[in-house]
Amino acid sequence: MEQEEEGQGCGGAALAPQVPATCELRKCAELLQSRQRERRTAAMDGAARAVRGCLEQEGAQAELQPLLLLLLRLSRSCPFADIRDRSAGILRAVQDQNVKIPHPIGQGPSSFIPVKEILLEGQDDAERQLFIEAFMSTGRVDNVTMVMGLHPRYLESFWKTQYYLLQMDGPLPYHYRHYIALMAAARHQCAYLVGLHISEFLQVGGSPEWLNGLNSVPQKLKNLGEINKILAHRPWLITKEHIEELLRAGENSWSLAELIHAVVLLTHYHSLASFVLGCGVRPDLDQDGGFTFRPPSPRNCDSDSSCSSSGSEDTGTASTSREDLRELEVLMEKMRLLQEGRQSEEASQEEKASRFENEKRESLLVAPAADDNELLSSANLSCFVEDADFGYKDFSRRGEQTPPTFRAQDYTWEDHGYSLINRLYPEVGQLLDEKFQVVYNLTYNTMAMHCEVDTSMLRRAIWNYIHCVFGIRYDDYDYGEVNQLLERSLKIYIKTVACYPEKTTKRMYVCFWRHFRHSEKVHVNLLLLEARMQAALLYALRAITWYMT
């Protein structure tokens with residue numbers, strides 16, 4: 001950035017009194033979403049004028065803060081280098097005038113993944129282009145996008161689907177879409193997603209009064225609360241009666257197309273909350289909890305940044321490292337033996353059914369240790385939640401009933417769910433199907449430091465274990481493979497992130513697959529997101545099909 005431009009950060013012409021900083025901020029944000037450098041330069045000139053105007057005006061702190069937060073976010077996560085440089089220059093100029101500026105809390109988009117693993121610099125063209133598209137569409141590259149950017153093929157498919165659900169023509173009005181998103185995220189106390197969609201809800205004209213909680217929203221939206229809690233925690237409980245209740249004629253009734261849109265949004269954001277909490281995604285820099293106006297301490301080095309590039313923390317002991325390495329070699333040997341065993345002898349249908357029931361019973365006893373139950377979010381989102389005590393049902397050893405088994409062959413995504421969604425909400429079935437296929441088949445043929453590895457067996461075990469936790473069984477799968485391939489620490493992590501993600505801790509993330517890369521652990525979270533979403537969708541769509549027949 002030229003010195004002249006940097007000096008202009010707060011030294012250009014003063015903002016004309018008749019143009020409030022908030023108007024300039026809105027204009028600036030719109031102009032920034034341009035591929036033309038000249039328009040982006042004009043936007044940054046406007047931001048500089050607005051900042052200068054606030055500094056020269058007594059009592060304009062309230063208008064200055066959102067400008068500074070926008071500049072902080074742009075300086076760190078904008079995919080255009082010219083905007084990053086200019087934003088940083090304006091912030092330095094403000095600081096030179098002895099005005100406090102915001103600083104990030106923590107380093108990088110994730111509190112679990114070292115910042116050096118997720119950087120804007122050094123990206124290939126395809127990945128950078130995805131971030132540009134995200135910025136052009138929404139005016140930000142949020143932290144979820146940056147973490148998912150470790151897997152560009154998946155991110156592209158995810159982004160297309162989410163964009164269609166929120167911004168393209170569809171049965172639901174735009175403010176309903178964002179409110180449903182925050183209702184879903186609140187079930188898992190995911191302050192990150194709730195905060196994002198409160199902003200989006202207001203931006204598309206939603207009533208601020210609705211943000212007082214569910215008691216302030218129209219009855220039609222409030223009626224969605226029952227299936228919201230069921231799909232979030234115990235999707236096997238949804239029945240055609242729930243569907244019938246919502247579609248019953250009256251002023252608060254839902255159309256079938258509206259309900260399909262709402263169900264896809266609910267399951268999308270329940271599952272995305274799992275990803276956010278499972279990957280330790282931090283608040284964006286302009287969100288509560290993402291910034292502070294206290295200057296950073298020189299000694300305050302975020303512990304993330306010193307982590308190794310593997311998925312584990314540096315324990316400082318060679319014996320632990322050797323033990324982790326041995327676990328990896330044992331896993332690869334098990335995969336080899338299972339592959340050979342498949343070719344020689346296959347378990348009977350009775351044996352496969354028995355192994356599934358055993359795995360389902362055992363999965364219900366897998367839970368985080370008591371000292372892992374601290375919540376990552378301290379935000380109070382109770383106003384957006386009904387029946388807050390309703391959660392995933394853990395069954396004790398005393399023989400209480402497990403979730404009823406859902407035989408996947410009786411109601412499949414490919415033969416039933418896909419066509420139903422496409423009939424009532426065109427294009428979405430295709431987008432969801434593509435997303436499921438991309439993540440299920442995503443592979444780089446690597447495991448930790450090993451190359452040319454066929455990981456399909458491991459990926460299928462993870463996917464089927466997630467479905468098993470929700471009671472879904474595949475007749476053609478031998479669930480003995482799950483016990484062979486998934487260590488207990490991985491099962492605890494999967495169960496926690498899939499069923500009660502608000503209880504996820506960094507220690508859980510660190511404890512599984514200690515020799516694997518962080519990108520491989522994010523891959524597990526993508527499988528979690530999509531398998532969980534598909535499981536809930538299958539239950540909901542089956543109930544809708546029962547209602548229709």
Side-chain angles (χ1 to χ4, degrees), residues 137-138 142 144 157-188 190 192-206 210-211 214 217-218 220-233 235 238 242-243 246-247 253-276 381 384-386 413 417-418 420-436 501 529-530 532-541 543-544:
S137 301
T138 65
D142 61 36
V144 166
S157 182
F158 172 88
W159 184 254
K160 279 195 300 188
T161 306
Q162 183 168 273
Y163 183 82
Y164 196 96
L165 289 173
L166 292 176
Q167 301 197 43
M168 297 295 283
D169 289 344
L172 291 174
Y174 294 110
H175 63 301
Y176 264 53
R177 303 180 196 194
H178 292 292
Y179 203 90
I180 290 168
L182 73 86
M183 283 173 65
R187 286 300 323 177
H188 290 306
C190 185
Y192 174 88
L193 290 175
V194 171
L196 274 183
H197 287 282
I198 283 175
S199 298
E200 295 290 337
F201 171 78
L202 293 172
Q203 210 167 347
V204 297
W210 291 17
L211 301 179
L214 297 178
V217 303
K220 179 174 177 174
L221 258 183
K222 198 173 179 183
N223 290 347
L224 210 57
E226 184 70 11
I227 68 164
N228 181 24
K229 77 175 187 183
I230 289 174
L231 290 174
H233 305 294
I238 195 164
H242 291 112
I243 306 304
L246 288 166
L247 299 176
S253 69
W254 292 74
S255 72
L256 204 47
E258 286 175 332
L259 184 57
I260 287 283
H261 194 170
V263 162
V264 175
L265 282 168
L266 289 172
T267 55
H268 177 84
Y269 280 100
H270 294 150
S271 303
L272 189 55
S274 282
F275 180 85
V276 168
L381 307 177
F384 301 118
V385 177
E386 284 182 343
W413 166 255
Y418 168 81
L420 178 60
I421 288 185
N422 248 16
R423 197 172 355 135
L424 295 168
Y425 189 11
E427 303 298 327
V428 170
Q430 182 65 42
L431 289 167
L432 290 173
D433 188 58
E434 178 189 318
K435 188 159 60 83
F436 294 147
L529 187 165
E530 296 301 341
R532 179 188 172 178
M533 181 177 183
Q534 191 182 86
L537 269 179
L538 285 172
Y539 281 111
L541 296 174
I544 292 172

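Reckoned from all heavy atoms, side chains included, excluding hydrogens, waters and symmetry mates.
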With a 4.5 Å cut-off on side-chain heavy atoms, are [Y] and [X] touching?
{"X": "L256", "Y": "Y425", "result": "no"}
{"X": "V428", "Y": "T161", "result": "no"}
{"X": "Y418", "Y": "L537", "result": "no"}
{"X": "K222", "Y": "M183", "result": "no"}
{"X": "Y176", "Y": "E258", "result": "no"}
{"X": "E386", "Y": "K229", "result": "no"}
{"X": "W159", "Y": "S137", "result": "yes"}
{"X": "M533", "Y": "V264", "result": "yes"}

Residues 193-202 side chain polar contacts: donor-acceptor under 3.5 Å, at least two apart:
from : atom 1 : to   : atom 2 : distance (Å)
H197 : ND1    : H178 : ND1    : 3.0
H197 : NE2    : Y269 : OH     : 3.2
S199 : OG     : G195 : O      : 3.4

Quick one: list whatever passes side-chain hydrogen bond (donor to acceptor under 3.5 Å, both in side chains) with [X], sequence neighbours left out.
{"X": "E530", "value": "Y154, K435"}
{"X": "Y192", "value": "D284"}
{"X": "N422", "value": "none"}

**Message:** If I take atom CG from residue L541 and atom CD1 from residue I238, how far apart are they, to the nearest 0.5 angstrom?
**Reply:** 9.0 Å
**Item:** From CG (N228) to CG (L266), nearest 0.5 Å
**Value:** 5.0 Å
Please set out all donor-acceptor pairs under 3.5 angstrom arising from side-chain atoms of residues 163-175, sequence neighbours excluded.
from : atom 1 : to   : atom 2 : distance (Å)
Y164 : OH     : P426 : O      : 3.3
Y174 : OH     : Q167 : O      : 3.4

What closest approach, in Å, do [X] and [Y] show between heavy atoms, and which atom pair accounts for it?
{"X": "L381", "Y": "V385", "value": "O-CG2, 3.7 Å"}
{"X": "A273", "Y": "P501", "value": "O-CB, 4.3 Å"}
{"X": "A536", "Y": "L231", "value": "O-CD2, 3.8 Å"}
{"X": "E434", "Y": "S157", "value": "OE2-OG, 3.5 Å"}

**Request:** Please report the C-alpha distance between I421 and W413 in whole Å, then the side-chain angles of each, then the deciding distance to 0.1 Å, and finally whether the side chain to side chain contact (heavy atoms under 4.5 Å, CB included) criterion is met.
**Result:** CA-CA 10 Å; I421 288 185; W413 166 255; 3.9 Å; yes
**Message:** Tell me if a side-chain donor or acceptor on S271 pairs with a main-chain N or O of H268 at a distance below 3.5 Å.
**Reply:** no
**Asked** Between the side chains of H270 and R187, is a donor N or O closer than 3.5 angstrom to an acceptor N or O?
**Response**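 No, because no side-chain N or O of H270 sits under 3.5 Å from a partner of the opposite role on R187.
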**Prompt:** Passes side chain to side chain contact (heavy atoms under 4.5 Å, CB included), Q534 versus L432? Steps please.
**Reply:** CA-CA 9 Å; Q534 191 182 86; L432 290 173; over 6 Å; no
**Request:** Output, in order, the C-alpha distance, side-chain angles, deciding distance and verdict of side chain to side chain contact (heavy atoms under 4.5 Å, CB included) for L424 and H261.
**Result:** CA-CA 9 Å; L424 295 168; H261 194 170; over 6 Å; no
**Item:** With L246 via side chain to side chain contact (heavy atoms under 4.5 Å, CB included) - residues at least two apart
**Value:**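 With sequence neighbours excluded, L246 shows a side chain to side chain contact (heavy atoms under 4.5 Å, CB included) to N223, L224, I227, W254, L259, given in chain and number order.
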**Message:** What I want to find out is whether K160 reaches E427 closely enough, with some N-O distance under 4.0 Å, to be called a salt bridge.
**Reply:**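 No, no charged N to carboxylate O under 4.0 Å.
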**Asked** Could you walk me through whether Y179 and L214 pass the side chain to side chain contact (heavy atoms under 4.5 Å, CB included) check?
**Response** CA-CA 10 Å; Y179 203 90; L214 297 178; 4.0 Å; yes
